[in-house]
Amino acid sequence: MRVLLLGGTTEASRLAARFADHGVEAVFSYAGRTNAPVAQPLATRVGGFGGVAGLVAYLAQDRITHVVDATHPFAAGMSHNAHAACAQASLPLIRLERPAWQAQAGDHWTLLPHLEDIPAALPDAPARVFLAIGKQQIGLFAAKPQHHYLLRLVDQPEAALPLPDTKVILARGPFDLAGDIALMREHAITHVVAKNAGGIGARAKLDAARALGLPVLMAQRPALPRGTIARNGAEVMTWLGHNTDRGV
Ligand code: 3Y8
Ligand code: NAP
């Protein structure tokens, strides 16, 4: 057995530790989106595969027998490619999926189908927006330049930002409630923008918004291919145990 673990999330890192503890032969894969990703206790590769064809070739070259997709729910391109490549290579694939966040009493959430729908949902009057969606899609908000944007990024942006009024803070989660309440108070935030990532690593800003009585504009997840789903690391281990008839 030789597992490809598509990572980049808290759950992927926890699964990597479980694989290492149980002696599961696996390769951890990052896209290379950040300058210095967290080290993993597994052999690690960084960078794209080169689309579906590149992934099919990699799976053969590296003698992969199983693929675990533990990427972020918004990493839809990777999930679609993994599904197509494993179908072509006739390899077993499972996706480790964390539940979407659900609003609870005291939350003031506006749910939008896509991130692209959020700028139009912001007020016209100048506001102070915590844009907690990373770096890749900041450009969408150039449509509303009148707001002050607090940007939490993993790495210092190389290029100039497409927004005139920003404050950048560099931080790699997981984040905590006290820290996010203090951050949002310090910057007098009036609106929070988030993706429905689920999980624990990015949830603090939502609890902070509730505590401060702030509205949250939240993008729903993109559609992902149907297939075998694990809700936690234990279910992945069970799946691997039931699929040991390959590559042993
Ligand atoms: C490169 C690996 C671990 C994984 C930690 C999780 C938690 C902290 C919260 C906010 C939201 C955001 C962002 C976020 C979180 C975890 C997890 C998660 C959100 C690292 C990592 C990589 C990335 C890529 C990065 C994206 C960006 C998104 C920042 C490492 C730290 C906003 C998603 O600068 C960039 O280009 C950043 C790009 C994709 C979304 C975007 O579109 O900009 N994640 N994040 C992975 C790779 O190369 O394959 O550097 O160590 C991983 C983590 N980020 O091991 O503990 O599991 O969700 N990541 C979102 O949820 O909206 C921050 O600020 O409140
Ligand atoms: P994406 O849009 O779904 O994928 C775009 C391309 O990036 C893929 O086609 C693939 O390139 C490459 N790629 C993505 N994930 C990869 C991985 N784990 N290993 C190797 N190549 C990968 O991806 P994304 O949304 O930019 O996310 C990139 C990484 O950041 C993923 O690891 C994801 O888990 C993590 N992340 C993303 C978010 C988010 O909000 N999107 C949040 C937290 C963490 P090729 O086509 O060349 O193979």
Side-chain angles (χ1 to χ4, degrees), residues 4-17 27-42 44-59 62 67-85 95-98 100-101 115 118 130-140 149-159 161 168-177 179-180 183-184 189 192-209 216-225:
L4 172 63
L5 175 49
L6 299 171
T9 57
T10 303
E11 289 75 13
S13 297
R14 288 183 172 176
L15 188 56
V27 178
F28 192 97
S29 181
Y30 279 121
R33 284 276 180 286
T34 54
N35 295 339
V38 161
Q40 297 293 340
L42 299 172
T44 299
R45 63 171 301 290
V46 180
F49 297 97
V52 174
L55 179 51
V56 169
Y58 169 80
L59 293 171
D62 211 10
V67 178
V68 177
D69 176 1
T71 59
H72 191 275
F74 280 72
M78 187 70 257
S79 293
H80 281 290
N81 285 3
H83 188 264
R95 183 166 76 239
L96 176 52
E97 195 165 83
R98 51 205 194 180
W101 291 318
L115 204 66
I118 292 187
F130 180 20
L131 207 47
I133 56 166
K135 174 176 72 183
Q136 298 183 93
Q137 287 156 303
I138 295 172
L140 292 173
Y149 289 100
L150 172 64
L151 305 176
R152 177 152 67 186
L153 305 177
V154 178
D155 297 317
Q156 189 64 41
E158 294 93 17
L161 292 168
V168 173
I169 49 169
L170 298 181
R172 168 184 275 110
F175 304 105
D176 65 66
L177 177 59
D180 276 6
L183 177 73
M184 291 153 77
I189 296 301
V192 177
V193 172
K195 302 175 189 172
N196 198 329
I200 50 174
R203 124 127 266 157
K205 59 183 176 280
L206 306 178
D207 299 332
V216 176
L217 296 116
M218 184 178 294
Q220 293 301 61
R221 298 174 164 189
L224 295 179

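This structure is a prediction, so every number in the text was calculated from the model and none was measured. Note that ligands are numbered from 1 as they come in the structure, with each ligand's atoms numbered from 1 the same way. FYI, the numbering just counts along the sequence from 1.
Polar contact with ligand 2: absent for Thr9 (N/O pair, distance under 3.5 Å). Looking at ligand 1, you'll find an N or O of Arg33 within less than 3.5 Å of one of its N or O atoms. In terms of polar-atom proximity, defined here as any N/O pair under 3.5 Å, Lys195 does make such a contact with ligand 2.
When the heavy atoms of Tyr30, Phe175, Phe28, Phe74 are ranked by distance to atom 46 (C) of ligand 1, first place goes to Tyr30. In this structure, of Ala85, Ala53, Gly32, Ala75, the residue bringing a heavy atom nearest to atom 24 (P) of ligand 2 is Ala75. Comparing Ala31, Ala197, Gly48 against atom 29 (C) of ligand 2, the shortest heavy-atom distance belongs to Ala31. The residue among Gln137, His80, Met78 with a heavy atom at the shortest distance from atom 1 (P) of ligand 2 is Met78. Taking all heavy atoms of Gly199, Gly51, Gly47 into account, the minimum distance to atom 21 (N) of ligand 2 is reached by Gly47.
Against a heavy-atom cut-off of under 4.0 Å, Ile133 is close to the following atoms of ligand 1: 32 (C), 40 (C), 41 (C), 42 (O), 43 (O). Less than 4.0 angstrom separates some heavy atom of Lys205 from each of these atoms of ligand 1: 10 (C), 11 (C), 65 (O). Counting atoms of ligand 1 from 1 in the listed order, those under 4.0 Å from a heavy atom of Gly134 are 32 (C), 41 (C), 43 (O). Of all atoms in ligand 1, numbered sequentially from 1 with element shown, those under 4.0 Å from a heavy atom of Pro37 are 30 (C), 50 (O), 51 (O). Close contacts of ligand 1 with Ala132, meaning ligand atoms under 4.0 Å from a residue heavy atom, involve 10 (C), 11 (C), 32 (C), 62 (O), 64 (O), 65 (O). Those atoms of ligand 1 with a heavy atom of Ala31 less than 4.0 angstrom away are 47 (C), 48 (O), 49 (O). Heavy-atom proximity to Ser13, at under 4.0 Å, picks out these atoms of ligand 1: 3 (C), 55 (O). Shown in contact with Ala197 at under 4.0 Å from a heavy atom are these atoms of ligand 1, numbered in order with element: 61 (O). Close approach of ligand 2 to Arg45 (heavy-atom distance below 4.0 Å) involves ligand atoms 20 (C).
Looking from atom 6 (C) of ligand 1 to the surrounding protein, the closest heavy atom is Arg98 NH1, 3.4 Å. Here the protein heavy atom with the shortest distance to atom 5 (C) of ligand 2 is Arg33 NH2, 3.7 Å. In terms of protein heavy-atom proximity, atom 20 (C) of ligand 1 is nearest to Gly8 O, 4.4 Å. For atom 9 (O) of ligand 2, the nearest protein heavy atom (residue, atom name, distance) is Asn81 ND2, 3.4 Å. With hydrogens left out, the protein atom closest to atom 36 (N) of ligand 2 is His72 CB, 3.6 Å, a heavy atom.
Taking 4.0 Å as the cut-off, Gly50 counts as a neighbour of ligand 2 on heavy-atom distance. Ligand 1 lies within reach of Gly32, whose nearest heavy atom is under 4.0 Å from it. Using a 4.0 angstrom heavy-atom cutoff, Ala76 counts as in contact with ligand 2. Under the 4.0 angstrom criterion for non-hydrogen atoms, Gln136 is in contact with ligand 2.
Of the heavy atoms in Arg172, only side-chain atoms (C-beta onward) come closer than 4.0 Å to ligand 1.
Counting protein heavy atoms under 4.0 angstrom from atom 37 (C) of ligand 1 gives zero.
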